[in-house]
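Order of the sequence lines sets the chain letters (A, B, ...), proteins ahead of strands, with each chain counted from 1.
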Protein chains: 2
Amino acid sequence: METSINISRDEFSERAGKLLEKEKSEDLSGVVLFDSHYILYYTGFAFIPTERPIAFVMNSSGERALFVPRLEVEHAQTNSLIQRVDHYLEYPYQPHPMEKLKAMLVDMGITGRIGVDHDGYPWILGYRGPELSELMAVETIKLTGFIEDQMMVKSEAELVLIRESVKWGHLAHVLLQRYTKVGVTETEVSQRASQEANQTMLDTIGPIYQAQSPFSDGAGAGYRGQIGRNAAIPHALANNIIFMEGDVLVTGAGAPVWGYNSELERTMIIGPASDDQKRMFDHMVALQDLAISEIGPGVKCSDVDIAVRAYYEANDLMDYWKHHVGHAIGLRYHEAPFLDIGDETVIQPGMVFTVEPGLYNPDFGGFRHSDTVAVTEEGNEILTYYPRDLESLTIPV
Amino acid sequence: METSINISRDEFSERAGKLLEKEKSEDLSGVVLFDSHYILYYTGFAFIPTERPIAFVMNSSGERALFVPRLEVEHAQTNSLIQRVDHYLEYPYQPHPMEKLKAMLVDMGITGRIGVDHDGYPWILGYRGPELSELMAVETIKLTGFIEDQMMVKSEAELVLIRESVKWGHLAHVLLQRYTKVGVTETEVSQRASQEANQTMLDTIGPIYQAQSPFSDGAGAGYRGQIGRNAAIPHALANNIIFMEGDVLVTGAGAPVWGYNSELERTMIIGPASDDQKRMFDHMVALQDLAISEIGPGVKCSDVDIAVRAYYEANDLMDYWKHHVGHAIGLRYHEAPFLDIGDETVIQPGMVFTVEPGLYNPDFGGFRHSDTVAVTEEGNEILTYYPRDLESLTIPV
């Protein structure tokens with residue numbers, strides 16, 4: 001179904017068209033994809049991967065097909081972009097579902113050189129089965145890199161969904177902050193904020209909304225570990241912790257919207273920050289400001305990380321460094337490219353990154369904001385709009 | 001940390017010991033595992049897989065090691081079963097993390113024939129990297145089948161965790177049923193029941209509890225689609241639905257406990273069942289009774305499915321059949337073996353299955369209970385204890 005906000009039929013067709021061009025340029029007889037996010041990207045067909053194999057198949061004439069278990073037939077048939085749905089009854093069954101897939105590929109003229117993401121369905125949740133190259137006389141060519149490159153650059157419609165995700169993550173975070181206080185537990189605050197934000201989101205956009213995410217059912221916000229006191233709390237006890245004055249909290253919030261994600265994380269402090277906490281907080285915000293100022297078209301991902309690491313080094317902060325600046329985000333909550341010294345990808349308009357350099361110290365706590373930033377023709381735009389300053393993020397006591 | 005209920009250090013050592021025996025019998029120089037559930041099973045080290053590779057490594061002397069990113073070093077070092085933790089700074093970085101893994105393997109004497117689950121880290125969430133067999137001169141032998149076979153048979157300690165999971169799934173389901181009534185939405189009922197059950201679970205067993213699950217954060221219950229009215233509701237609208245008299249509801253409840261799962265699903269009807277609904281409900285319960293009566297040591301998984309399918313056929317119900325009888329459950333919410341005509345595995349004491357034959361009809365709705373059943377020396381024991389009869393599952397109007 002098309003709604004006013006989800007990806008249009010034309011856009012799905014255009015995506016598959018680019019894959020077909022690649023198929024032709026590589027002289028492939030067809031493409032077989034098993035990854036649920038790749039299938040969602042090319043067809044809009046959303047499912048949670050289990051031991052029952054599902055595949056998207058496209059031959060060199062551009063005929064698009066889904067291979068599904070009996071359970072998913074009606075769901076697959078409602079997809080107007082798909083010209084053919086083949087199914088098997090069950091897994092493991094007899095004959096093995098892969099025998100049916102083989103027959104389908106042969107019937108669609110897919111033999112010889114074929115493009116794949118995996119050589120056969122991955123062994124997850126107890127699935128066992130042959131690789132495609134064991135099953136039939138084919139040579140499998142990995143298209144994973146091509147697909148990842150295609151998914152990196154977001155369209156206007158994808159940005160609309162990420163912006164919508166930002167809104168509901170924002171609401172969840174506002175409620176999370178509002179309900180956080182000394183004496184309540186992280187679990188009750190997270191659950192209350194998530195429940196209210198999700199209910200409100202569904203009451204507001206329910207008729208034009210689908211989550212389409214294996215990672216999350218709806219809007220939510222929570223705590224990413226009680227980093228401020230973690231060193232003092234045994235690992236097995238690190239849940240349902242009661243908030244105390246002086247805690248440094250790192251949060252996370254978001255909402256999947258037609259599969260698309262955003263990321264919002266904030267460092268909050270309960271009660272007035274100590275001098276050490278304030279110093280760490282200020283450096284963290286400066287690191288994030290610097291990272292954002294570096295992001296723009298034509299810059300290499302690695303250059304952003306190099307610039308940020310220079311700040312860590314100049315300010316003697318490398319002891320508190322644990323990870324790179326950020327990652328791309330879209331249908332997956334982490335995806336390539338990475339704002340990392342090892343990633344030479346040239347940044348392009350339409351890429352969307354999280355920007356989240358952090359500082360971690362067992363005595364003072366963990367300090368990290370994460371914002372979602374879209375690359376524009378001119379530079380970038382910060383899609384998240386939650387306050388980043390210490391005063392706004394101090395919980396009164 | 002050991003608590004009164006989680007898997008003991010000795011049991012983890014015993015598991016790894018069996019893997020070491022396999023390593024020796026196959027004349028392997030070592031084992032490299034990337035799958036997060038396999039790593040949890042052999043070491044107790046829980047993590048959510050991302051683009052940053054993590055591996056469990058064991059050489060032929062039985063030395064156990066973890067390969068992790070900088071972010072996970074402290075977490076890995078607290079694991080008392082691990083003698084060695086090697087880390088890389090970041091992904092993708094320079095050099096690529098796989099270069100560090102290669103050096104680690106060489107240092108541990110792992111070359112030539114090695115046992116693996118995947119030939120290299122799987123390409124997820126934007127990860128790209130070489131296969132082990134491209135990286136170094138090794139021959140990779142897949143141990144996936146051996147590992148799956150080992151994980152199938154649960155120990156007493158594993159059963160304790162699954163029984164604990166059953167309790168909190170039960171509580172979530174009791175609350176779900178209590179709050180379900182005409183005029184409220186599925187979302188608010190699911191969230192309220194889940195929030196209260198999870199909070200109560202943490203208040204009750206928090207100090208000895210960890211979820212250790214990528215699938216779920218805690219106890220919860222919800223609806224598995226509004227099957228009774230689904231045909232009449234466009235796909236994109238199938239959320240936040242308001243309950244109406246006559247709805248047939250299929251629920252699901254559970255809780256991860258130190259990684260272990262149980263499954264409880266019930267068919268509930270709002271208001272008095274129609275004659276057609278009652279007939280479908282009764283057949284569904286009869287199918288489940290029959291399946292449970294067939295499960296016992298020495299029986300083949302396929303025989304259970306064959307017996308159940310004979311009932312479908314004898315009662316002219318095959319038009320309403322959509323899937324096999326059930327699947328094993330444990331660290332994953334679905335795992336092998338399957339109660340399916342294609343699975344010849346002989347059932348053994350210690351296996352744990354979901355039993356959930358269903359009937360699906362677009363006019364009357366979907367009908368499915370799922371119970372968690374452990375195989376004993378004598379036969380089986382139903383671990384879930386939620387009422388299964390229509391009267392108990394009718395929501396008053």
(Q) Taking B:Asp149 first and then A:Arg128, would you say they form a salt bridge - that is, a charged N and a carboxylate O separated by under 4.0 Å? (A)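 Result for this pair is yes, salt bridge flagged.
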Look only at the side chain of [X] and the backbone of [Y], and say whether a donor-acceptor pair between them is shorter than 3.5 Å.
{"X": "A:Asn198", "Y": "A:Ala219", "value": "yes"}
{"X": "B:Tyr41", "Y": "B:Leu331", "value": "no"}
{"X": "A:Ser194", "Y": "A:Gln191", "value": "no"}

At a 4.5 Å cut-off on heavy atoms, which part of [X] comes close to chain A: side chain, backbone, both, or neither?
{"X": "B:Thr50", "value": "side chain"}
{"X": "B:Ile329", "value": "neither"}
{"X": "B:Leu89", "value": "both"}
{"X": "B:Thr185", "value": "side chain"}
{"X": "B:Asp203", "value": "both"}
{"X": "B:Met152", "value": "side chain"}
{"X": "B:Arg52", "value": "side chain"}
{"X": "B:Phe215", "value": "side chain"}

Count the heavy-atom pairs under 4.5 Å between each of [options] and chain B, then report the option with the highest count.
{"options": "A:Tyr333, A:Tyr127, A:Trp321, A:Tyr91", "value": "A:Tyr91"}
{"options": "A:Glu90, A:Glu335, A:Gln94", "value": "A:Glu90"}
{"options": "A:His37, A:Glu196, A:Arg192, A:His118", "value": "A:Arg192"}
{"options": "A:Gln199, A:Arg332, A:Glu188", "value": "A:Gln199"}

Spacing of [atom1] belonging to [X] relative to [atom2] belonging to [Y], to within rounding of 0.5 Å:
{"X": "B:Ile124", "Y": "B:Ser36", "atom1": "CD1", "atom2": "OG", "value": "8.0 Å"}
{"X": "A:His334", "Y": "A:Glu263", "atom1": "NE2", "atom2": "CD", "value": "6.0 Å"}
{"X": "B:Asp119", "Y": "B:Phe34", "atom1": "CG", "atom2": "CZ", "value": "8.0 Å"}
{"X": "B:Thr200", "Y": "B:Leu175", "atom1": "OG1", "atom2": "CG", "value": "7.0 Å"}

Q | chain A contacts, top residue of B:Arg309, B:His327, B:Met151, B:His96 (heavy-atom pairs, under 4.5 Å) | A |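 Looking at each option in turn, the highest pair count goes to B:Arg309.
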Q | Heavy atoms of other groups near A:Asp303 CG, more than 12 under 6.0 Å | A |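 Check passes, neighbour count above 12.
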